[in-house]
Protein chains: 2
Amino acid sequence: MGKKNITFSDIAKYTGFSKTTISRYFNNPDSLTLENQQIIATALEKLNYKENKVARILANGKTEFIGIIIPNLYMHYYSEILNQILKTYDSFGYKFLVFTGDDHESTERKYIQELLAYKIEGMIILSHTIPSIELASYNIPIVTIEREDQYVSSVNTDNYMGGVQATSLLAKTGADILIHINADIPKQTPSYERIRGFSDICKEYNIPHEMILTDTGHTYDETSRILKDLLETIDTKYKRKTKGIFLPNDTFANIMLNHLIQKYGCLPDDYKIIGFDDSPVSREAIIPISTVGQQIDKIALSAMELLNEQIEERHKRKPTLSVEPTHKIIPPILINRKTTLPVER
Amino acid sequence: MGKKNITFSDIAKYTGFSKTTISRYFNNPDSLTLENQQIIATALEKLNYKENKVARILANGKTEFIGIIIPNLYMHYYSEILNQILKTYDSFGYKFLVFTGDDHESTERKYIQELLAYKIEGMIILSHTIPSIELASYNIPIVTIEREDQYVSSVNTDNYMGGVQATSLLAKTGADILIHINADIPKQTPSYERIRGFSDICKEYNIPHEMILTDTGHTYDETSRILKDLLETIDTKYKRKTKGIFLPNDTFANIMLNHLIQKYGCLPDDYKIIGFDDSPVSREAIIPISTVGQQIDKIALSAMELLNEQIEERHKRKPTLSVEPTHKIIPPILINRKTTLPVER
DNA sequence: TTGTACGCGTTATCAA
DNA sequence: TTGATAACGCGTACAA
């Protein structure tokens with residue numbers, strides 16, 4: 001379209017006011033008489049004015065952009081987090097520039113530079129590659145979700161409580177031996193707390209237990225094979241005992257459940273299973289799987305609240321800089337479905 | 001931070017060049033001597049310059065922003081599409097402003113206005129609410145994916161072929177009666193073609209068939225109940241016949257499969273099932289479900305290519321405006337798993 | 001309540 | 001190969 005955009009100048013000329021007055025119509029309408037507001041309103045209609053927020057950013061420095069770096073959207077947990085974050089537009093008004101980093105450190109660093117160039121007001125980081133001390137050095141409001149967070153504000157699920165809840169539920173079924181299978185994740189990772197929760201409860205109540213920390217594979221088929229082998233081992237090792245198995249996520253729990261059903265034609269009464277995440281597969285499984293659900297809506301909302309506070313603080317005259325990072329913890333919710341029914345005696 | 005941002009002016013002063021030269025260093029470095037490039041490069045390092053793309057937008061009009069309106073990220077199909085679109089950043093360089101509209105027409109209209117205010121260069125629309133004739137009226141490059149697309153460019157799966165493939169596979173298993181269950185979707189919807197594909201093949205080869213177009217529910221539990229009832233009906237109506245059932249998506253197929261297994265303890269040989277989408281549940285099911293996979297990566301790439309063409313066209317001097325919309329079709333891929341094994345005779 | 005004048009940080013145009 | 005100057009469209013002191 002060759003036709004130039006309508007600007008405040010055009011409206012000003014047309015109405016006889018100054019550009020300033022037109023600007024005020026948008027940012028402080030009460031400072032105009034109702035009459036003049038009307039005049040301008042009709043002029044805007046007539047000339048078909050379209051606002052230009054890019055120019056406004058340059059003038060007042062507020063982009064209302066928030067950058068998001070997320071590993072991928074393939075995993076349900078991430079896409080649901082993003083889903084909930086995007087929904088906050090209606091209450092906070094921030095626009096989201098989204099990048100998926102696929103856990104490539106240098107790529108993610110490049111994305112952050114790009115975001116910075118667009119003068120974003122803050123960032124939400126879900127990817128794990130860039131250490132929080134580096135994130136902090138960018139000197140803009142940052143909130144991380146479920147990752148290493150020593151030097152930046154963050155929101156995490158109460159993973160320890162999640163582990164405790166899952167373990168307690170398994171114990172209450174009357175299982176003789178409790179087993180937790182997980183990858184050998186680093187201690188700084190938030191989800192390591194689930195392992196601690198399991199371990200602590202077992203020890204506290206003197207419950208026989210086994211911790212299997214091992215490579216859980218990188219593809220679905222790999223994981224499936226590994227879990228099948230693990231099941232065989234468990235099956236022979238704990239014959240005649242009721243086994244309560246705590247899997248690190250619902251996909252794994254579902255695989256385990258399927259292997260059991262393929263072997264026995266049903267879920268035997270001496271197997272109790274619980275997953276983690278409350279992802280769709282846990283309810284869509286052949287037998288609805290008990291799980292620990294993260295309150296993703298609350299996590300997203302808390303992250304935005306934290307970020308918003310930091311951003312508003314920063315817009316003030318005397319920015320109380322270098323405040324301590326805030327770490328918010330959201331409790332999980334135990335979801336008791338059909339794979340943890342009490343043992344029939 | 002009180003410290004002002006470093007600008008081209010600062011670099012210019014520091015190096016003795018003009019702002020113009022600094023700008024050229026970024027946009028046309030070859031027009032400077034290598035020596036001077038070096039001087040500027042070190043100055044940038046020294047002063048720790050951070051580029052400001054907002055100012056650049058205002059000056060040259062190119063935002064490199066693309067707006068995305070997507071119904072939600074809860075459904076795997078949508079999150080995977082977004083996943084693939086975001087990945088194109090590395091090849092096209094566009095930044096994505098993402099909104100989820102939840103199928104609220106007025107809300108989505110508001111989002112579009114917001115996007116327009118940020119001078120986005122184009123839009124990708126996945127939501128269904130706003131008619132394409134209205135989209136076209138915005139006069140910016142637009143590509144829709146899998147929705148009504150009469151007046152705008154679009155990318156769609158070859159749904160007709162998908163229906164044909166699914167139906168043919170069911171027929172090849174040796175099923176006596178073919179059944180397609182679907183919601184009563186409008187004829188303009190791209191996925192209506194699947195229904196036509198099913199119908200055409202059945203008629204062409206004189207295969208006994210039944211089309212069940214009915215309300216399929218709005219929640220998982222509702223759908224589950226409806227499909228269970230439907231299964232009972234089918235079970236009694238076609239006793240002794242081998243039934244080939246084509247479900248409109250993998251979630252439905254999985255529900256149907258689970259009902260069958262709960263009833264018979266296994267997938268009876270007289271039931272053949274196929275879904276659509278190749279979503280995770282189809283491979284995670286108790287028996288891996290045959291399905292028709294959309295090539296989501298290709299869909300996303302095609303959409304970006306189409307959009308990019310339109311955008312580049314528009315940046316030219318004489319914009320060949322009002323070209324006819326292009327509609328691109330991506331073939332689906334049949335995925336033959338374990339729920340469509342040939343009938344044993 | 002309204003207007004003047006300048007600034008935001010870059011690019012485009014023209015000239016040298 | 002480089003520079004001066006004017007946009008780009010809006011916000012904001014400051015003045016009236």
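Chain letters run A, B, ... following the sequence lines, proteins first, then strands; residues in each count from 1. Bear in mind the structure is a predicted one, so any value in this text is a computation, not a measurement.
B:T21 comes within 4.0 angstrom of the backbone, heavy atoms only, and of no base. Within the 4.0 angstrom heavy-atom criterion, no nucleotide atom of any strand lies near A:K53. Among the atoms of the strands shown, only primed sugar atoms or phosphate atoms (P, OP1, OP2) are found under 4.0 Å from some heavy atom of B:S31. Residue A:D30 is in sugar-phosphate contact alone, with no base atom involved, counting any heavy-atom pair closer than 4.0 Å across all strands shown. Using a 4.0 Å heavy-atom criterion, one finds that A:Y49 contacts the sugar-phosphate atoms exclusively. Contact annotation for B:F17: backbone-only contact, meaning every heavy-atom pair under 4.0 Å involves sugar-phosphate atoms and none involves a base. Here A:S9 lies out of heavy-atom contact (under 4.0 Å) with every strand. Here A:S23 lies in heavy-atom contact (under 4.0 Å) with a base.
Regarding B:L116, its CG atom lies at a distance of 15 Å from the P atom of D:dG9, rounded to whole Å. As a whole-Å value, the separation of B:I39 CD1 from D:dT2 C1' is 13 Å. The separation between B:K62 atom NZ and D:dC8 atom C1' is 15 Å, rounded to whole Å. Rounded to whole Å, atom C1' of D:dT2 lies 14 Å from atom CD of B:Q37. As a whole-Å value, the separation of A:R24 CZ from D:dG9 P is 21 Å. When the P atom of D:dG9 is taken as reference, atom CG of A:N27 falls 17 Å away, rounded to whole Å. B:I22 has its CD1 atom 17 Å from the C1' atom of D:dT5, to the nearest Å. If you measure from atom OH of B:Y118 to atom P of D:dC10, you get 13 Å, rounded to the nearest angstrom.
Close to D:dG3, at under 4.0 Å from its OP1 or OP2, lies no side-chain N or O of B:T20. Applying the 4.0 Å criterion to OP1 and OP2 of C:dG9, one finds that B:T7 has every side-chain N and O outside that range.
Mapping B:T33 and B:L58 onto DNA chain D by nearest heavy atom places B:T33 at the nucleotide closer to the 5' end.
Checking B:Y138 against B:E134 by side-chain atom types alone, a donor-acceptor pair falls below 3.5 Å. In the model, A:D149 has a side-chain atom that pairs as donor or acceptor with a side-chain atom of A:N156 under 3.5 Å.
Ranking D:dT5, D:dG9, C:dG3 by closeness to the A:N52 side chain, first place goes to D:dG9. When distances are taken from the side chain of A:S18 to each of C:dG3, C:dT1, D:dC10, the shortest belongs to C:dG3. The B:A59 side chain lies nearest to D:dC8 when the options are C:dT2, D:dC8, D:dT2.
When atom types are taken as modelled, the side chain of B:K119 and the backbone of B:A117 share no donor-acceptor pair closer than 3.5 angstrom. For B:T33 (side chain) and B:N36 (main-chain N/O), a donor-acceptor pair under 3.5 Å exists by modelled atom type. Although no hydrogens or angles enter the test, the distance criterion places a donor-acceptor pair under 3.5 Å between the side chain of B:S132 and the main chain of B:Y151.
Within the model, atoms OH of B:Y94 and CD1 of B:I85 stand 13.5 Å from one another, a figure rounded to the nearest 0.5 Å.
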